[in-house]
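Notes for the one structure printed next.
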Amino acid sequence: MDLLRTLCSIQAPSGDESALTEFLLQYIEDHKRNWKHKPKVYHGGLLQDAIVLSFGKPRTAIFAHIDSIGFTVRYGNQLVKIGGPVTDNGIVLVGKDSQGEVEVTLNTPENAKFFQFDSTREIDRGTNLTFKPNFRETDEFVQCCYMDNRLGVYNALKVAESLKNGLIVFSCREEHSGGSTAYIGRWIAEKFKVHQALISDITWVTEGVEHGKGVVVSMRDSGLPRRTFLNRIIDLAKKSGIPFQLEVEGSGGSDGIELQRNSDSWEWCFVGAPESNVHSPDEKVHQDDIQSMIELYRWLMKEL
């Protein structure tokens, strides 16, 4: 889990993903020689901080967003949220401004207009802050901030090790208003004639989805995948013999919704491990669900 630990430690809130982009590009360069098939790497230009890997003759794309939730320093000790982070008092936030490393603690008085923090010095306005990582691993669970979606990125990198035909997209700004997926989807449809996607992201433990019961195939959230494609994914998952769960929710979303809103005709399905303590410093995922996620993605990318 050293790779996942490293991914969780890199600050990359929505709109400020460049540090993680640089890490991924270097990781891909260092490791692709050991992968079964060598990808072509696309980044920069239209793609901005996103990365696209193309293997062989792709039929399906994996989308894994690399950004996280967080906060932006406003004026004085005020904060504005990036996405929807937990905002409990006592949470430690970290970042960097012109004076160096930053570590502050959330402490918002009741009825305050903006979230606030305690600090021994003034922090530059516009500084992005994220949860302080505390990576914990046991035989059963892995726990840290930003499992959503560094685990989705980790999954995509593990699939890349043996992928023969397919695309892997490391997208940006998913946690805050959709970001890069729509224009990347149009670019992929035009360049590769690919129109189906798996969304490598993390979902929730609920009364219907449990830790340790397998990766989740989401039948719907706030977005509705086309039932014909969804049924195909479910049939293939059953055929694989890999443990999985079915999810039905009315809220939440992913890169799949942005693909659906795209002008091109995209098929998509969210497939990801469930976590508890969502959008907090203590996001928690079962080891068995991580393994079943990787295995099911490997199977689906061969069969789709």
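None of these values were measured; they are calculated from a predicted model.
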Going through the checks in order, is the side chain to side chain contact (heavy atoms under 4.5 Å, CB included) test met by Thr21 and Leu24?
-> CA-CA 5 Å; Thr21 299; Leu24 288 171; 5.9 Å; no
Under the side-chain hydrogen bond (donor to acceptor under 3.5 Å, both in side chains) criterion, do Ser98 and Asp124 qualify, and how do the steps go?
-> CA-CA 7 Å; Ser98 64; Asp124 293 351; 2.5 Å; yes
For the pair Val73 and Ile123, evaluate side chain to side chain contact (heavy atoms under 4.5 Å, CB included) and give the outcome as yes or no after the intermediate values.
-> CA-CA 7 Å; Val73 175; Ile123 311 302; 3.9 Å; yes
Run the numbers on Val94 and Val102 for side chain to side chain contact (heavy atoms under 4.5 Å, CB included), then give the verdict.
-> CA-CA 5 Å; Val94 293; Val102 172; over 6 Å; no
Hey, mind stepping through Thr127 and Asp97 against side-chain hydrogen bond (donor to acceptor under 3.5 Å, both in side chains) and telling me if it holds?
-> CA-CA 6 Å; Thr127 299; Asp97 70 357; 4.6 Å; no
Taking it one step at a time, do Asn128 and Thr72 satisfy side-chain hydrogen bond (donor to acceptor under 3.5 Å, both in side chains)?
-> CA-CA 4 Å; Asn128 285 331; Thr72 305; 2.9 Å; yes
Run the side-chain hydrogen bond (donor to acceptor under 3.5 Å, both in side chains) check on Asn155 and Ser200 step by step: do they pass?
-> CA-CA 7 Å; Asn155 172 65; Ser200 179; 3.0 Å; yes
Residue pair Phe55, Lys40: steps toward the side chain to side chain contact (heavy atoms under 4.5 Å, CB included) verdict = CA-CA 7 Å; Phe55 294 80; Lys40 186 168 184 180; over 6 Å; no
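The neighbour count for Lys96 NZ, taken as heavy atoms of other residues, nucleotides or ligands under 6.0 Å away, does not exceed 12. Counting heavy-atom neighbours within 6.0 Å of Lys238 NZ, excluding the residue itself, gives a total of 12 or less. Within a 6.0 Å radius of NZ in Lys32, other residues, nucleotides and ligands contribute more than 12 heavy atoms.
Tyr42 OH to Leu47 CG: the interatomic distance, rounded to the nearest 0.5 Å, is 10.0 Å. Residue Asp49 holds its CG atom at 10.5 Å from CG of Asp67, rounded to the nearest 0.5 Å. Distance OG/Ser14 to CD/Glu175: 5.5 Å, rounded to 0.5 Å. Remark: Glu103 CD to Leu129 CG distance equals 10.5 Å, nearest 0.5 Å. If you take CZ on Arg227 and CZ on Arg220, they are separated by 10.0 Å, rounding to the nearest 0.5 Å. We find the CD1-CD1 distance between Ile168 and Ile62 to be 4.5 Å, quoted to the nearest 0.5 Å.
Ser180 places a side-chain N or O within donor-acceptor distance of the main-chain N or O of Cys172, the cut-off being under 3.5 Å. Without hydrogens or angle criteria, Asn149 side chain to His65 main chain gives a donor-acceptor distance under 3.5 Å. Checking side-chain atoms of Asp288 against main-chain N and O of Gly212 turns up no donor-acceptor pair under 3.5 Å. Without hydrogens or angle criteria, Asp221 side chain to Glu249 main chain gives no donor-acceptor distance under 3.5 Å. Using a distance-only test at 3.5 Å, with no hydrogens or angles considered, a donor-acceptor pair links the side chain of Arg136 to the main chain of Asn134. Between the side chain of Glu283 and the backbone N or O of Asp148, at least one donor-acceptor pair lies under 3.5 Å. Looking at Arg150, its side chain never comes within 3.5 Å of a backbone N or O of Leu4 through a donor-acceptor pair. Counting only distance, with no hydrogens or angles, the side chain of Thr181 and the backbone of Glu258 share no donor-acceptor pair below 3.5 Å.
The shortest distance between side-chain heavy atoms of Ser54 and Pro39 does not fall below 4.5 Å. The shortest side-chain heavy-atom distance between Ile294 and Arg298 falls under the 4.5 Å cut-off. The shortest side-chain heavy-atom distance between Ile51 and Val169 does not fall under the 4.5 Å cut-off. Residues Pro274 and Gln245 meet the side-chain proximity criterion, which asks for heavy atoms closer than 4.5 Å. Residues His43 and Gln48 have side chains not in contact (no heavy-atom distance under 4.5 Å, counting atoms from C-beta outward). When side chains are defined from C-beta on, His195 does not count as touching Ile188, because their heavy atoms never get closer than 4.5 Å. Looking at heavy atoms from C-beta onward, Leu198 lies in side-chain contact with Leu300 at the 4.5 angstrom threshold. The shortest distance between side-chain heavy atoms of Phe270 and Ile233 does not fall below 4.5 Å.
Note: the hydrophobic cluster containing Leu3 also contains Leu53 (ILVMFWY, side chain heavy atoms under 4.5 Å, direct or indirect links). Under the 4.5 Å side-chain heavy-atom criterion for grouping Ile, Leu, Val, Met, Phe, Trp and Tyr, Val86 is not connected to Phe114 through any hydrophobic cluster. Both Val285 and Tyr297 sit in one connected hydrophobic cluster of ILVMFWY residues. Membership requires side-chain heavy atoms under 4.5 Å apart, directly or through other members. Both Leu25 and Leu163 are assigned to one and the same hydrophobic cluster, defined by single-linkage of ILVMFWY side chains at heavy-atom distances under 4.5 Å. Criterion: ILVMFWY side-chain heavy atoms under 4.5 Å apart, direct or through other members. Under it, Tyr183 and Ile66 are not part of a common hydrophobic cluster.
The aromatic rings of Trp35 and Tyr27 sit tilted relative to each other, their planes meeting at an angle between 30° and 60°.
Counting only N and O atoms by type, the side chains of Ser171 and Asp255 include a donor and acceptor under 3.5 Å apart. With no hydrogens or angles considered, a side-chain donor-acceptor pair links Ser218 and Glu247 at under 3.5 Å. Under 3.5 Å, the side chains of Asp201 and Ser254 contain no donor-acceptor pair of N or O atoms. With no hydrogens or angles considered, no side-chain donor-acceptor pair links Gln291 and Gln287 at under 3.5 Å. Thr60 and Gln196 form a side-chain donor-acceptor contact under 3.5 Å, judged by distance and modelled atom types alone. Side-chain contact of Gln11 with Thr130: a donor-acceptor pair under 3.5 Å is present, judged by distance alone.
Ion pair Glu161/Lys36 not flagged as a salt bridge, since none of the NZ, NE, NH1 or NH2 atoms sits closer than 4.0 Å to an Asp/Glu carboxylate oxygen. Of the charged side-chain nitrogens involved, at least one lies within less than 4.0 Å of a carboxylate oxygen, so that Glu267 and Arg226 count as a salt-bridged pair.
Scored by the ring-ring contact (aromatic ring centres under 6.0 Å, His included) test, Trp204 finds no partners at all (sequence neighbours excluded). By the side-chain hydrogen bond (donor to acceptor under 3.5 Å, both in side chains) test, Gln99 is found to be paired with no residue, residues two or more places apart in sequence or in another chain being considered.
Judged as a ring pair (Phe, Tyr, Trp, His ring centres under 6.0 Å), the pairs with a partner in residues 133-162 (not counting sequence neighbours) are, in order, Phe131-Tyr146, Phe141-His211, Phe141-His286.
What you find for Leu296 and Ser240 is that their closest heavy atoms are CD1-OG, 3.8 Å.
No close placement of the Trp268 and Phe63 rings is indicated, their centers lying 6.0 Å or farther apart.
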